Q: 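Take this structure, written in structure tokens, and hold onto it; I'll ask about it next.
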Amino acid sequence: MILHILTKAPDSIVATQMQQAIGGQDAVLLIEEAVTAALDPSWQAWQQCQSRIFLLSEDLIRGFASIATDNELPTLEMDGFVALTEQYEKTVTWY
């Protein structure tokens with residue numbers, strides 16, 4: 001079980017590489033530029049990971065937070081981020 005932390009936009013090559021590496025029990029945390037995935041609810045990773053993909057709420061700029069809420073996208077506070085890293089055996093950050 002791996003926690004994948006994506007820092008780049010969902011249309012980046014890095015995001016595509018991450019999607020190819022995700023296993024069936026892995027989770028994804030979107031931070032920094034990656035939270036722009038809230039703007040694209042049809043992004044393939046939303047279907048690929050379903051309930052195992054999260055947005056770091058601290059990185060959701062005004063406006064993105066309401067989009068995430070409207071699309072029922074799960075968000076985490078920093079404490080949730082730390083708890084998530086503790087649940088997974090390994091963490092991989094995609095830059």
Side-chain angles (χ1 to χ4, degrees):
M1 292 183 2
I2 299 172
L3 172 62
H4 298 269
I5 301 171
L6 181 63
T7 65
K8 297 296 181 190
D11 61 350
S12 68
I13 292 172
V14 173
T16 301
Q17 292 170 340
M18 180 209 65
Q19 288 178 33
Q20 294 169 349
I22 295 171
Q25 295 190 354
D26 295 351
V28 176
L29 178 62
L30 305 176
I31 65 171
E32 299 172 8
E33 289 178 41
V35 298
T36 61
L39 296 172
D40 185 9
S42 65
W43 182 43
Q44 181 183 1
W46 291 123
Q47 287 77 41
Q48 183 180 2
C49 297
Q50 297 180 0
S51 64
R52 299 175 290 119
I53 190 167
F54 305 92
L55 298 158
L56 185 62
S57 60
E58 282 87 346
D59 287 337
L60 288 171
I61 316 168
R62 197 177 317 164
F64 282 9
S66 63
I67 292 169
T69 301
D70 292 347
N71 289 295
E72 299 179 0
L73 305 175
T75 61
L76 293 175
E77 300 290 329
M78 192 56 74
D79 291 344
F81 179 3
V82 172
L84 197 60
T85 62
E86 292 172 344
Q87 291 176 12
Y88 287 83
E89 301 164 0
K90 193 174 178 184
T91 301
V92 176
T93 303
W94 297 85
Y95 294 99

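Reckoned from all heavy atoms, side chains included, excluding hydrogens, waters and symmetry mates. Keep in mind the model is a prediction, meaning the values are calculated, not measured.
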Q: Shortest non-hydrogen contact from Ala34 to Leu6?
A: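 Here Ala34 and Leu6 meet closest at CB-O, 3.1 Å.
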Q: Partners of Ser42 by side chain to side chain donor-acceptor pair (under 3.5 Å), sequence neighbours excluded?
A: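 Residues passing side chain to side chain donor-acceptor pair (under 3.5 Å) with Ser42: Asp40.
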Q: Quick check: is Leu3 connected to Ile53 through a chain of hydrophobic side chains (ILVMFWY, heavy atoms under 4.5 Å apart)?
A: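 Per the 4.5 Å side-chain linkage, Ile53 and Leu3 are not co-clustered.
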Q: Not counting sequence neighbours, which residues clear side chain to side chain donor-acceptor pair (under 3.5 Å) with Gln48? List them please.
A: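 Testing Gln48 for side chain to side chain donor-acceptor pair (under 3.5 Å), a comparison that skips the adjacent residues, returns none.
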Q: Assess whether atom CD of Glu72 is packed by more than 12 heavy atoms of other residues, nucleotides or ligands within 6.0 Å.
A: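 Count not over threshold, so no.
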Q: Could you list the donor-acceptor pairs under 3.5 angstrom formed between side-chain atoms of residues 85-95 and any protein atom two or more places apart in sequence or on another chain?
A:
unit_1: Thr85; atom_1: OG1; unit_2: Val82; atom_2: O; d: 2.6
unit_1: Trp94; atom_1: NE1; unit_2: His4; atom_2: ND1; d: 3.1

Q: Could you work out, with side chain to side chain contact (heavy atoms under 4.5 Å, CB included) as the rule, every residue matching Gln44, not counting sequence neighbours?
A: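 Side chain to side chain contact (heavy atoms under 4.5 Å, CB included) check on Gln44 returns Gln19.
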Q: Quick one: list whatever passes side chain to side chain donor-acceptor pair (under 3.5 Å) with Asp59, sequence neighbours left out.
A: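 Partners of Asp59 by the side chain to side chain donor-acceptor pair (under 3.5 Å) criterion come out as none, since no residue qualifies.
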Q: Please report the shortest heavy-atom distance between Asp26 and Ala21, naming the atom on each side.
A: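 Minimum heavy-atom separation between Asp26 and Ala21: OD2-O, 4.0 Å.
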Q: Could I get the full list of side chain to side chain contact (heavy atoms under 4.5 Å, CB included) partners for Ser12, not counting sequence neighbours?
A: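 For Ser12 the side chain to side chain contact (heavy atoms under 4.5 Å, CB included) partners, ignoring immediate neighbours, are Lys8, Val14, Ala15.
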Q: What's the spacing between Met18 CE and Leu30 CG if we round to 0.5 Å?
A: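 Those atoms lie 6.5 Å apart.
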Q: Excluding sequence neighbours, so at least two apart, what forms side chain to side chain donor-acceptor pair (under 3.5 Å) with Trp46?
A: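 Once residues adjacent in sequence are excluded, Trp46 has no partner under the side chain to side chain donor-acceptor pair (under 3.5 Å) criterion.
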Q: So which pairs with a foot in residues 27-39 pass side chain to side chain donor-acceptor pair (under 3.5 Å), sequence neighbours left out?
A: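 Output for this query is empty, none listed.
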Q: Does Asn71 have any side chain to side chain contact (heavy atoms under 4.5 Å, CB included) partners at least two apart in sequence or in another chain, and if so, which?
A: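 Pro41, Ile67, Leu73.
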Q: Is Val28 reachable from Phe81 through a run of hydrophobic residues whose side-chain heavy atoms are each under 4.5 Å from the next?
A: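 No, no single cluster joins them.
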Q: To the nearest 0.5 Å, what is the distance between CG (Leu55) and CZ (Phe64)?
A: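 Spacing of CG (Leu55) from CZ (Phe64) equals 10.0 Å.
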Q: Which residues pass the side chain to side chain contact (heavy atoms under 4.5 Å, CB included) test with Leu76, sequence neighbours left out?
A: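 Once residues adjacent in sequence are excluded, the partners of Leu76 under the side chain to side chain contact (heavy atoms under 4.5 Å, CB included) criterion are Leu29, Phe54, Leu84.
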Q: Consider only side-chain heavy atoms of I, L, V, M, F, W and Y, link residues closer than 4.5 Å, and tell whether Met78 and Ile5 are in one cluster.
A: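 Linked within one cluster.
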